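First the structure, in the form of structure tokens, and then the observations on it.
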Amino acid sequence: MNSTAGSKVDEEWGMWREQLKLLSALHWILTFLLLAPACVLLMTYLLFTPFWSLPVVYCLWWITDWKTPERGGRKSQWMSKWGLWRHFRGYFPVKLLKTTDLDPNQNYIFGCHPHGIMSIGAFCNFGTEATRFSKAFPGIKTFLTTLNGNFRIPLFRDYLMAAGICSVNNSSIDYLLSRIGTGNAVVIVVGGAAEALNCTSKEHILTLKNRKGFIKKALTHGTALVPVYSFGENEIYQQCLFQDGGWKRAVQNLFKKWIGFAPCVFIGRGIFSSTSKGILPFRRPITTVVGKPILVPKTEDPSDQEIEKYHQLYINSLIELFEQYKMDYGLSEIDTLTIA
């Protein structure tokens with residue numbers, strides 16, 4: 001009797017945990033898609049209500065806080081440990097693989113690949129404590145970076161900073177690597193919007209050939225480069241890829257040029273059924289492998305030849321990482337990494 005009752009309780013709790021995982025994934029997608037426009041609409045609406053003073057006071061404070069996203073942000077340790085993120089991690093699940101220790105007396109630039117649609121591996125591992133990054137790499141503090149334009153959206157900017165995200169512009173990276181001591185890891189999802197437009201589960205194409213700004217920063221500050229690859233990132237959605245030259249692709253490129261991001265058209269699973277189409281990501285494992293650091297000499301004014309040399313070293317190290325672990329995480333022997 002007791003055994004039967006206990007089994008029923010375990011079954012009910014298991015079903016409840018699955019529901020929590022679904023809700024956490026839905027929260028993330030709605031945040032990604034709707035939070036920014038919702039914040040703009042809310043602030044605009046309040047201006048025409050008896051509460052008009054709230055957005056006015058916020059904007060006055062915002063002026064004094066303008067540079068904070070470029071000065072390390074304002075990460076909330078409490079938010080990074082939300083139970084919500086643990087359920088989000090378990091939905092896929094997301095895992096972190098450590099290949100070597102990192103010295104907390106140095107700073108690092110993590111180059112994250114691939115971008116995917118939403119960079120879920122990067123956020124879950126480096127923006128939250130869901131995979132216990134601080135336990136795996138004691139003394140290392142991560143600063144996940146994104147486009148500076150995201151911090152021009154009221155309220156949304158504060159949510160991003162609380163989640164440990166800061167600006168990816170030059171001033172921000174210089175500050176993180178030179179003004180707040182050591183043990184800092186600046187996390188850059190290198191491929192950006194261009195790579196997001198081309199992501200597909202059938203190919204592994206990285207927009208990296210002409211992305212050398214992070215290499216120059218590493219040389220300028222003498223900061224070690226760490227290649228990071230999230231296996232499974234491109235498998236969580238099916239993207240509708242439009243042909244170059246068509247009007248749909250032209251609209252995406254226009255958004256990418258003027259706003260900084262590209263509106264990807266993607267399909268996932270349904271909220272109530274895994275067999276229907278919807279906005280939830282597919283439940284595919286994502287394993288983020290943190291590679292070995294590439295030591296870089298400090299060079300205040302690096303030449304093009306030096307930048308090219310370490311850029312090629314970085315690419316070679318990334319390809320080696322991909323080849324070493326690809327068959328452990330769902331890929332075949334014939335899968336290759338293409339640098340575009």
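Not measured: the values here are computed from a predicted model. These numbers come from the heavy atoms of this one structure, side chains and all, not from hydrogens, waters or symmetry mates.
Under 4.0 Å is where a charged nitrogen must lie from a carboxylate oxygen, and between Arg179 and Asp174 no such pair does. Glu129 and Lys135 are not joined by a salt bridge, as no carboxylate oxygen comes within less than 4.0 angstrom of a charged side-chain nitrogen.
The side-chain heavy atoms of Tyr108 and Asn184, taken from C-beta on, include no pair separated by under 4.5 Å. By the 4.5 Å heavy-atom criterion applied to side chains, Leu331 and Phe322 are counted as neighbours.
Checked against the 6.0 Å centroid threshold, His115 and Phe123 do not count as a close aromatic pair. Ring-centre distance between Phe126 and Phe143: not below the 6.0 Å cut-off.
Stacking of Lys98 on the aromatic ring of Phe137 is recorded, both the 6.0 Å distance cut-off and the 45° axial limit being met. Annotation: cation-pi pair Arg283/Tyr91 present, NZ/CZ under 6.0 Å from the ring centroid and within 45° of its normal.
Side-chain atoms of Gln239 come within 3.5 Å of backbone atoms of Ala196 as a donor-acceptor pair (strictly under, hydrogens ignored). Put simply, the side chain of Ser80 gets close to the backbone of Gln77: a donor and an acceptor are under 3.5 Å apart. Checking side-chain atoms of Glu235 against main-chain N and O of Arg284 turns up no donor-acceptor pair under 3.5 Å.
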request  = Apply side-chain hydrogen bond (donor to acceptor under 3.5 Å, both in side chains) to Asn125 and Thr131, showing your working.
outcome  = CA-CA 6 Å; Asn125 285 292; Thr131 57; 2.8 Å; yes
